[in-house]
Each structure stands twice: as C-alpha cells, then as structure tokens.
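Reading through the structure tokens given below for one structure.
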Number of protein chains: 2
Amino acid sequence: MAQTHPLNQEISLSVIKTACSNCNLRELCLPFGLSLEELERLDDLVSTRRRIKRGDHLYRAGEVFDAIYAIRSGFFKTDVLLEDGRDQVTGFQMAGELLGLDGISTEHHTCNAIALEDSEICAIPFSRLEGLSREIHTLQHHFHKVMSREIVRDHGVMMLLGTMRAEERLAAFLLNLSQRFTARGFSHAEFYLRMTREEIGSYLGLKLETVSRAFSRFQEEGHIAVQQKHIRILNVNGLKALMNHRASC
Amino acid sequence: MAQTHPLNQEISLSVIKTACSNCNLRELCLPFGLSLEELERLDDLVSTRRRIKRGDHLYRAGEVFDAIYAIRSGFFKTDVLLEDGRDQVTGFQMAGELLGLDGISTEHHTCNAIALEDSEICAIPFSRLEGLSREIHTLQHHFHKVMSREIVRDHGVMMLLGTMRAEERLAAFLLNLSQRFTARGFSHAEFYLRMTREEIGSYLGLKLETVSRAFSRFQEEGHIAVQQKHIRILNVNGLKALMNHRASC
DNA sequence: GCGTTCGCTTGATCCAAGTCAACCATAAAA
DNA sequence: TTTTATGGTTGACTTGGATCAAGCGAACGC
C-alpha cells in the first residue's frame with residue numbers, strides 16, 4: 001500500500017535516511033507521481049543531503065554545474081550580479097522547490113543561491129537524473145513540467161516588473177507567498193518573511209523605502225498587519241483587488 | 001561522412017522535404033549535436049511544417065498544448081494577457097528558436113505566439129519528442145539545455161526590467177538582436193526591426209514614446225542610424241558603454 | 001492621384017518612485 | 001545595563017519616464 005497521506009506520515013527515527021520515499025515533500029517535489037518502485041530508484045540517486053547555514057551559499061555564479069538541488073527545509077534566494085555591480089534577486093525558493101536549473105544551459109551556474117535561514121537540501125547529480133529519466137517516463141515528464149513551470153513563473157515576474165506599479169507588485173508578491181505557504185500546509189494568512197525589505201525590493205524592482213511605504217499603506221488600509229517580518233493577511237480580496245487596480249481606471 | 005559545413009550546403013530541389021537533416025538551422029535548433037542516423041529519427045517526428053502569415057497566431061493562451069514549434073523562417077513575438085487587459089510581450093523569437101516550452105507545465109499554452117512576418121514553423125509533437133529523447137541521450141541533453149537557456153534568458157530580462165533605465169534597456173535589446181542576427185549569418189550592424197515601437201516598449205517595460213526618444217537620442221549621439229524600422233549600429237562599444245552606465249556613477 | 005490609416009516623432013506637463021536624510025526598533029555585543 | 005549594528009520607517013525633495021497632445025511620413029486602398 002503505497003498511498004499514505006502525504007503530509008501526515010509518521011517516520012520512526014531509525015528509518016530516516018536521505019530518501020525521497022520518506023520525504024513528506026515528495027508530492028511537491030521531483031518524485032511527484034512516481035510509483036513506489038520508481039521512488040526507490042530515485043532514492044539511490046538522491047544520496048547526498050547537505051545543511052546550509054543562514055547566509056551561506058549553496059552555489060555561486062560561475063561554478064561548474066553538476067547537480068540540481070531540492071530544498072528539504074529552509075528558504076533560499078537566488079540572485080544575479082552584473083559586471084557593473086548591480087544585482088537583482090531572481091527568486092525566493094522554499095521547501096520542495098528545485099534550485100540550479102539555470103546551470104544546465106552552460107554547465108555553469110549563472111546565479112548565486114543563498115540560504116535565508118538554516119536549510120537542508122538534497123543534491124541530485126544531473127547526469128544521473130537524465131539517465132533515470134530516460135528509463136522512467138513519469139520522472140522525465142514531471143521534470144520537464146518543473147522546468148516549464150519555472151519559465152512560466154519567470155514570465156509572471158516579467159509581467160509584474162513590466163506592467164505593475166509598486167503596490168500591485170507587493171500585493172502580488174504577498175499573495176504568491178501566501179499561496180505557496182498554503183501548499184506546504186502552513187497558514188495562508190500569517191507568516192514570517194525570511195527576506196529583508198531590500199531583498200524584496202530587489203526582486204520587485206523597487207527600492208527598500210518604496211517597499212516599506214507600501215507595507216505601511218497596506219496596513220493603514222486594513223489589508224494586512226505588519227510587524228517587522230511578521231505578516232498577517234487580513235483581507236485577501238483587498239490585496240487581490242489592489243493587484244488588478246488598472247481594471248478600474 | 002556526416003559532417004558537411006552546416007551553413008553552406010547545397011540542396012537539390014528534389015530532396016526538399018520537412019526534415020531536420022536538410023535544414024540549415026540544425027546547428028542552432030533542436031538537432032544540434034546529433035549523428036546522421038539520429039537526425040533521421042528526428043526527421044520522422046518533425047513531419048508537419050506550417051506557414052503562418054504575418055499577424056496570425058501560431059497558438060493562443062489557453063489552448064491545449066501538444067507540440068513545441070521550431071521556427072524555420074520568419075519572426076514571432078509571444079505575449080501574455082492579464083485579466084484586467086494589460087499585456088506584455090515576453091519575447092521575440094527568430095529562425096532556429098523554439099516556441100511553446102511554457103505549455104509543458106500545465107498542458108495548456110500560457111501565452112500567445114504571433115507571427116511578425118510571414119513565417120514557417122515545424123511542429124514537434126511533444127510526447128513523441130519525449131519518447132525519442134528517452135532513446136537519444138544527446139537529444140535529451142540538448143533539449144534540457146534549450147529549456148535551461150530559456151530560464152537564463154528570462155533572468156536576463158528580469159535584470160533588465162528590474163535594474164536598468166530606459167536607454168540601458170534599449171541598448172541591451174539592440175545588442176541582443178544584433179548578436180542573434182550574427183549567429184544566423186546576417187549582418188550584426190544592419191537589420192530591420194520586425195516589431196513596432198509599441199511592441200519593443202511592451203517587452204522592455206516602457207512606453208512607445210520613451211522607446212522613440214531613446215532611438216532619437218542614440219542617433220544624436222552617433223551610436224546608431226535609425227530610419228523607421230531600419231537600424232544601423234555605428235558604434236557597438238558606445239551601446240555597450242551605455243548599458244553599463246551605472247558603473248561610472 | 002488622393003485620402004485614410006498606422007506607426008513614429010517631438011514637445012509640454014505631471015506624477016510615481018527614487019534619493020537623501022533623519023530617526024526608531026530590535027537584537028546582539030560589551 | 002549601555003553600546004553598537006542592522007534593518008525598518010517616515011518625511012522632504014527630485015527626477016525619469018508616463019501621459020497628453022499635436023504633427024509628420026510611409027504605405028495602402030480606392
């Protein structure tokens with residue numbers, strides 16, 4: 001009987017090893033849709049688990065790429081540095097999400113991945129993943145979906161950066177975080193931000209002061225309650241309305 | 001003897017059929033790196049060739065995804081439409097590039113692909129491509145690289161939208177076009193824009209007036225010569241310097 | 001040929017977000 | 001406990017690009 005309830009399983013301590021088959025993120029992560037037998041083959045591949053301390057790099061732009069990484073727990077940001085010193089956060093990643101897909105293209109990482117809290121990752125050697133996905137159709141297809149999802153996500157960010165104003169961007173950002181926390185079984189309405197205002201700003205193409213002001217404004221208007229990094233969403237629909245602000249003009 | 005010089009081959013008229021093996025874009029496109037025998041297997045798969053007239057859609061957001069498309073000739077844009085009517089151009093694609101990768105994720109296209117000039121595409125049924133890439137390692141790997149490259153490209157656009165000012169964006173855009181034309185054997189210094197100022201603006205997160213002003217400014221400063229859609233780049237380094245403008249401030 | 005349309009350019013004005021600066025809050029260090 | 005550092009908030013002002021508006025030029029249909 002392969003099907004236990006994904007997020008509720010009890011694991012005896014003795015069983016814990018680096019294995020997708022007993023990871024409660026498997027429905028969000030690479031193993032999605034695999035049979036028990038296929039899962040075990042994936043286990044063989046995902047052997048190295050690593051802890052990354054808050055502030056440390058998982059990898060750096062320019063390093064040779066040979067593995068992608070699944071986040072087991074914790075929180076990361078990725079950023080790109082331009083020659084002239086400008087940089088931009090290209091994404092925030094949480095448990096169950098994959099890091100490093102950008103490195104496949106040139107066999108070198110093209111961005112930095114930095115832990116925003118103490119985290120744990122599973123390294124997945126890429127050539128072995130390709131090998132296994134030549135044998136397991138489901139794995140292959142799911143991996144393609146994950147890559148494609150990343151492209152779609154990026155288009156969303158481009159949309160945000162290209163057409164939205166500051167408050168719309170922040171509303172979209174909060175709703176996106178909320179939705180992803182929900183998918184992981186956390187409250188959709190209350191969470192701690194792992195990143196600073198400056199990092200949010202960098203991601204949203206705004207200055208930190210603008211982010212701060214937008215937070216204050218949302219609070220004044222009763223959409224959220226902010227206390228430093230602690231966010232409570234009081235009015236989801238208010239935020240959603242803010243996001244589509246242009247519709248009314 | 002499989003290796004003829006990629007861009008110089010002569011093809012007798014009788015041989016022309018929809019086939020990667022006699023397409024002179026094969027070194028830019030999906031067949032990259034394949035052996036002659038592998039190429040022939042890809043030929044079987046890429047059977048349908050379609051003409052798309054200027055202004056027509058190749059596919060629309062929401063349609064069921066079942067194939068990706070390689071551009072044989074012509075020029076496309078992709079755009080995303082928000083519920084509230086805002087839209088944004090997410091990319092411009094030219095011969096040898098692939099369209100439709102975003103559709104894998106949800107099995108539905110997430111953007112519109114529209115021909116900016118009369119074009120010709122090869123449809124590649126996706127499930128068959130997955131099948132073949134389970135058998136041909138090189139094809140699998142190259143496909144992964146192409147998807148990854150798309151992610152990297154998107155990060156570049158995010159960078160552009162998030163941190164660059166209007167003139168830097170346009171300079172980056174022109175240099176990127178120039179570089180892609182060069183890769184296809186065209187002049188790096190002289191080309192026709194297939195898109196309007198408004199489409200450029202949408203892609204770059206600017207209004208068409210701003211794009212037009214930046215063109216005029218570049219011309220005044222002797223970086224380029226503009227006449228409607230005809231562009232001549234007079235000073236590549238000038239443009240490059242413009243792009244990294246912040247370095248000096 | 002001529003009028004119409006569409007895309008492009010240019011000027012004048014306005015405003016959202018950036019910049020600069022002061023100050024506050026929290027947490028860690030002394 | 002006070003000190004220091006880091007991150008966050010708020011205010012005053014400046015500015016790059018948006019907006020509004022007028023006019024131009026090339027291409028197309030009739």
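A, B, ... follow the sequence lines: proteins, then strands. Residue 1 opens every chain.
- A:Leu208 comes within contact range of at least one nucleobase, with a heavy-atom separation under 4.0 Å.
- Nucleic acid contact for B:Ser212: base, since at least one base atom lies under 4.0 Å from a heavy atom of the residue.
- As judged by a 4.0 angstrom heavy-atom cut-off over every strand, B:Gly201 is placed among residues making no nucleic acid contact.
- Atoms NE2 (B:His230) and P (D:dA26) sit 15 Å apart, rounded to a whole Å.
- Remark: P of D:dT9 and CD1 of A:Ile200 are 9 Å apart, rounded to the nearest angstrom.
- Taking every side-chain heavy atom of A:Leu206 into account, C:dA17 is the closest of C:dA17, C:dC8, D:dG8.
- Here the nucleotide nearest the side chain of B:Ser216, chosen from D:dT9, C:dC8, C:dT9, is C:dT9.
- Remark: the B:His155 side chain and the A:Gln88 side chain contain no N/O donor-acceptor pair separated by less than 3.5 Å.
- When the side-chain nitrogen and oxygen atoms of A:Lys207 are compared with OP1 and OP2 of C:dT19, one or more of them lie within a distance under 4.0 Å.
- For the pair B:Glu168 CD and D:dG16 P, the interatomic distance rounds to 12 Å; values are reported in whole Å.
- Aromatic ring centroids of A:His108 and A:Phe65 lie 6.0 Å or more apart.
- Distance check, rounded to the nearest 0.5 Å: CG of A:Leu160 to CE of B:Met158 gives 9.0 Å.
- A residue-by-residue look at A:Gln227 and A:Ala166 shows that A:Ala166 has its nearest nucleotide of DNA chain C further toward the 5' end.
- To the nearest angstrom, C1' of D:dG8 lies 19 Å from CZ of A:Arg217.
- One finds a side-chain N or O of A:Thr210 lying less than 4.0 angstrom from the OP1 or OP2 phosphate oxygen of C:dG18.
- Closest-nucleotide positions on DNA chain C for A:Gln228 and A:Glu167 were compared, and the one nearer the 5' end corresponds to A:Glu167.
- Minimum interatomic distance between A:Thr90 and A:Arg153 (heavy atoms only, all atoms of both residues): O-NH2, 3.2 Å.
- With rounding to whole Å, B:Leu170 atom CG is found 11 Å from C:dT9 atom P.
- Applying the 3.5 Å distance criterion, the base of D:dG11 shares a donor-acceptor pair with the side chain of A:Arg213.
- Classification of B:Arg213 and B:Glu167 as a salt-bridged pair fails, no side-chain N sitting under 4.0 Å from a carboxylate O.
- Between the CG atom of A:Leu161 and the C1' atom of C:dA17 there is a distance of 14 Å, rounded to whole Å.
- C:dG7 atom C1' lies 14 Å from atom CG of B:Leu116, rounded to whole Å.
- Taking 3.5 Å as the limit, the base of C:dC20 and the side chain of A:Glu209 contain a donor-acceptor pair of atoms between them.
- Going from atom CZ of A:Arg197 over to atom P of C:dA25 covers 15 Å, rounded to whole Å.
- Side chain of B:Arg165, nearest nucleotide from D:dG16, C:dG18, D:dA18: D:dG16.
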